[in-house]
Amino acid sequence: MSKYDTLNPQQKEAVFQCEGPMLILAGAGSGKTRVLTHRIAYMIETQGIKPWNILAITFTNKAAEEMRIRVDDLVGYGADQIWVSTFHSACVRILRRYINLIGYETTFTIYDGDDQKSVIKDVCKRLEIDTKSLKERTILGAISSAKDELISPEEFTRNAGSDFKMSKIAEAYVEYQKTLRKNNALDFDDLICKTVELFQRRPDVLEQYQERFRYIMVDEYQDTNTAQFELIHLLAGKYRNLCVVGDDDQSIYKFRGANIHNILDFEKYFKEAIVIKLEQNYRSTQNILDAANAVIRHNEERKEKALWTSKGAGEKLHFRQFDSAYEEAQFIAYDIKKKDRMGDATYGQCAVLYRTNAQSRLIEEQFVQENIPYNLVGGVNFYSRKEIKDILAYLKTLDNGRDDLAVKRIINVPKRGIGATTIAKVDNYALFEEISFYDALTAVDRIPGLGKSGAKLTAFVSEMENLKARAQVYSLRELFQQLLDITKYFDYLEETDEENAEDRIENIEELRNKLIAYEENAEEPTLSGFLEEVALVADIDSVEDGAEKVLLMTLHGAKGLEFEQVYLAGLEDGIFPSFMSMMEEDPTAIEEERRLAYVGITRAKEDLTITCARMRMLHGETQYNPVSRFVREIPEALIEGDEVPSQRRSTQSSYGSYGTYRETGSYRESGTYASKTYGGSSQSSLFLDDSMGNVRPTGGFGKSTTTTGVVKPKVTVKPKVTAAENKPFIAKGVGGLTKGSAFSTGSLEYAEGDRVSHIKFGAGTVRAIVKEPKDYKVTVEFDGAGTKIMYAAFAKLKKI
DNA sequence: CGTACTAGTCTTTTT
DNA sequence: GACTAGTACG
């Protein structure tokens, strides 16, 4: 009896084949981690492969940790010699050693999103880029995509050609990269592409790592971007022992540069590759799998596969549609509470998944009210809180004086009477002398025009130098305490932000705990080491296992996890799939959303409850959404609960609510199906048609539909709710739903032949205007985007 | 130089 | 609606 006997035939095939390239297409819940860990064990125990020749790469620290633990369990010895690491931390480790070969210092700092933002802001100011017409986030997005694709500033500039916007972005990219280098800093994307650059420029270094990592395994391969792909291929280039595991159906990070073709075309790059499909699912019931399969089948771009299980059909999926997002949240809280009370499930077995972080709030409120313990993943990252960033900026300043951003952040926090003008003067001097901001501070007497402020700067510097000196002799936790003492940071919090001071101090204590934990666990604890660890954590990494708490998180956050009881909330067209994806002409945008739906469904082991709301508030607007198309893609026979308007009806009827919806929906520019923006008089058929499901009596609106103790809110079918009935009712609203619904037909300010502008497509000429019962249909020939037909109410065209 | 108010933006997802 | 950055004023 060996540990390998429990594997199924496909898993065995994957485990026993250690040499050469291999693609494992591992469906959700098919035991891929098991395969990877067993494969590692097999290599070491029976193939005599040295542990230090093995590299296993994952995307999150949590996944890496989990794999490490399981490998430790399986392999008696030497497991600690295996590199089990995320892309980012593996690269940091390599760069800390060799980045000096490509012009950085090995003490580089890592910039997070906020840091990037301040840099780009500064860059825009210097280059006099008008951030109204070219947003910072647009520029950063472009830079990030460029790096994902390994496009250098120079190449980007060449590609930009004479295009005004692109060449502006190119300028910004050049300047941004210069600034980072000057600050001896790398952003997240740099970590990957600088490593690639290192390998490309220094074949000797590459070879050293090729020799070291003779056996490479990559998890979640479908999420790799071009830079990561290149990195892996360079490393595996010599021995070609590359085993990638992934599921094209779970590729959900396109926006982050993930290239689904990395997995779809693996066999093209490695012709000799062995391909193994793992289709037996050990996680979910047949009903859940059938639902998942039914949904994902609608995607064109995928490798055909179908999950199956030896488990029984199990419970049917549950579907509930509510009048408001408030009631939806209420139901979820009640339902989970009921399961707990009835002994059907514990809180720790439940998870609520949603598309956007904003949706968590209502659910959280209900959980608080019902005293349900929960854990929220995501949202405002712990490390991006003000007080945490301040303390970290201090630590960075002590660790690496070259990080200008960090120094500027804390030079006047707590207040030291050092203002913007003084900082600007020092900055100018630093720029002129080509030294760091902090170095300029140490040469105060040479900076002209400082006046009295000079003394304040000197005081700050000696404070820092004092601490730096102590850092040499004291432990990290002692240094932490002295930092707090010397800066009187807690006093500062209490003076400036009385209300939240307690929470903020608590957060700092939490940071202290992390630092202490690091100091105790690390082999050779250093300040740099701690800052690095902190820089590379994801939200999901800090989720405690075994806590009896309901988990609340986005669908993205849930990938790789599983729960007995899963609630998918907000399954509405416009929320999930998102407006953004519905507006894209490119059909792959919806396919990506569908994969996300597939990920969501397959998280459930026993029970899946899908909910949605007819009406919800989003950035201050009331919005009406029909049931998500993804729900309609699930066969009726698998679902119970409220009626799901069928897919067939929605696609075949030319006048049905979905037909209308889709037609107009695809032309929407931005915002919502808000009462505010929707023109026309047919809103009742658009939004509240009872064919979409059951419309509940308006009287129950906002009030508790769930009477005490009874968890199942009854749904009464009402023949039809007219807009007139519905309108005043929305205007009143409950729970913050106070915005009125000012429906307006909106007369057109333009005519045929006029020049108009559109937020997304830019300038164009109106070719035709056709009046339709509920709106004007406008044909516009755009200068840069071709001819589009759109509804006036949605297009928000401006005459120019 | 620091504070208080206003305007603008945001909300798709994140290592 | 909430948060943040920018501006005007003391």
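All values below come from the heavy atoms of this structure, side chains included, with hydrogens, waters and symmetry mates left out. Here the structure is a predicted model, which means the values were calculated and not measured.
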Side chain to side chain donor-acceptor pair (under 3.5 Å) against [X], all qualifying residues, sequence neighbours excluded:
X        : answer
A/Tyr598 : none
A/Thr554 : none
A/Glu572 : A/Arg616, A/Asn625

Contact check, residues 253-262 of chain A vs DNA chain B, heavy-atom distance under 4.0 Å, returns A/Tyr253, A/Phe255, A/Arg256
Using the ring of A/Trp83 (Phe, Tyr or Trp, six-membered ring only), decide whether A/Arg93 places NZ or CZ under 6.0 Å from its centre and within 45 degrees of its axis. yes
Using the rule salt bridge (charged side-chain N to carboxylate O under 4.0 Å, His left out), only one of A/Arg409, A/Lys121, A/Lys396 pairs with A/Asp115; which is it? A/Lys396
Boundaries of the DNA chain B segment in contact with chain A, non-hydrogen, under 4.0 Å: B/dC1 to B/dT15
By nearest nucleotide on DNA chain B, pick out whichever of A/Thr496 and A/Thr60 is the more 5' one. A/Thr496
Let me know, please, whether A/Asp189 or A/Lys135 comes out on the 5' side of the other along DNA chain B by nearest nucleotide. A/Lys135
Watson-Crick and G-U pairing of DNA chain C written in dot-bracket, each distance under 3.5 angstrom, with | for inter-strand partners: ||||||||||
Applying a 4.0 Å non-hydrogen cut-off, can you work out what [X] is touching in the nucleic acid: base, sugar-phosphate, or nothing?
X        : answer
A/Asp223 : nothing
A/Glu592 : nothing
A/Lys559 : nothing
A/Thr422 : sugar-phosphate
A/Arg137 : sugar-phosphate

Cationic N near anionic O, under 4.0 Å, A/Asp248 to A/Arg302: no
Quick one, A/Arg594 with A/Glu633, criterion salt bridge (charged side-chain N to carboxylate O under 4.0 Å, His left out). Give me CA distance, side-chain angles, the key distance, then yes/no. CA-CA 10 Å; A/Arg594 189 175 282 112; A/Glu633 287 167 2; 2.7 Å; yes
Please enumerate all residues that pass side chain to side chain contact (heavy atoms under 4.5 Å, CB included) together with A/Val413, with sequence neighbours excluded. A/Asp390, A/Tyr489, A/Tyr492
Who are the ring-ring contact (aromatic ring centres under 6.0 Å, His included) partners of [X], not counting sequence neighbours?
X        : result
A/Phe367 : A/Tyr374
A/Phe199 : A/Tyr209
A/Phe108 : none

Expressed in whole Å, how much space separates the P atoms belonging to B/dT13 and C/dT4? 16 Å
Would you please indicate yes or no on a ring centroid separation below 6.0 angstrom for A/Tyr253 and A/His556? yes
Would you mind building the protein contact string for nucleotides 5-10 of chain C? One character per nucleotide, 5' to 3', B for base within reach (heavy atoms under 4.0 Å), S for sugar-phosphate only, - for untouched. SS----
Parallel, tilted or perpendicular, judged at 30° and 60°: which one describes the rings of A/Phe188 and A/His88? perpendicular
Quick one: A/Asp114 CG to C/dC3 C1', roughly how many Å, whole number? 13 Å
Residues that A/Asp586 engages under salt bridge (Lys or Arg N to Asp or Glu O under 4.0 Å), provided they are two or more places apart: A/Lys254
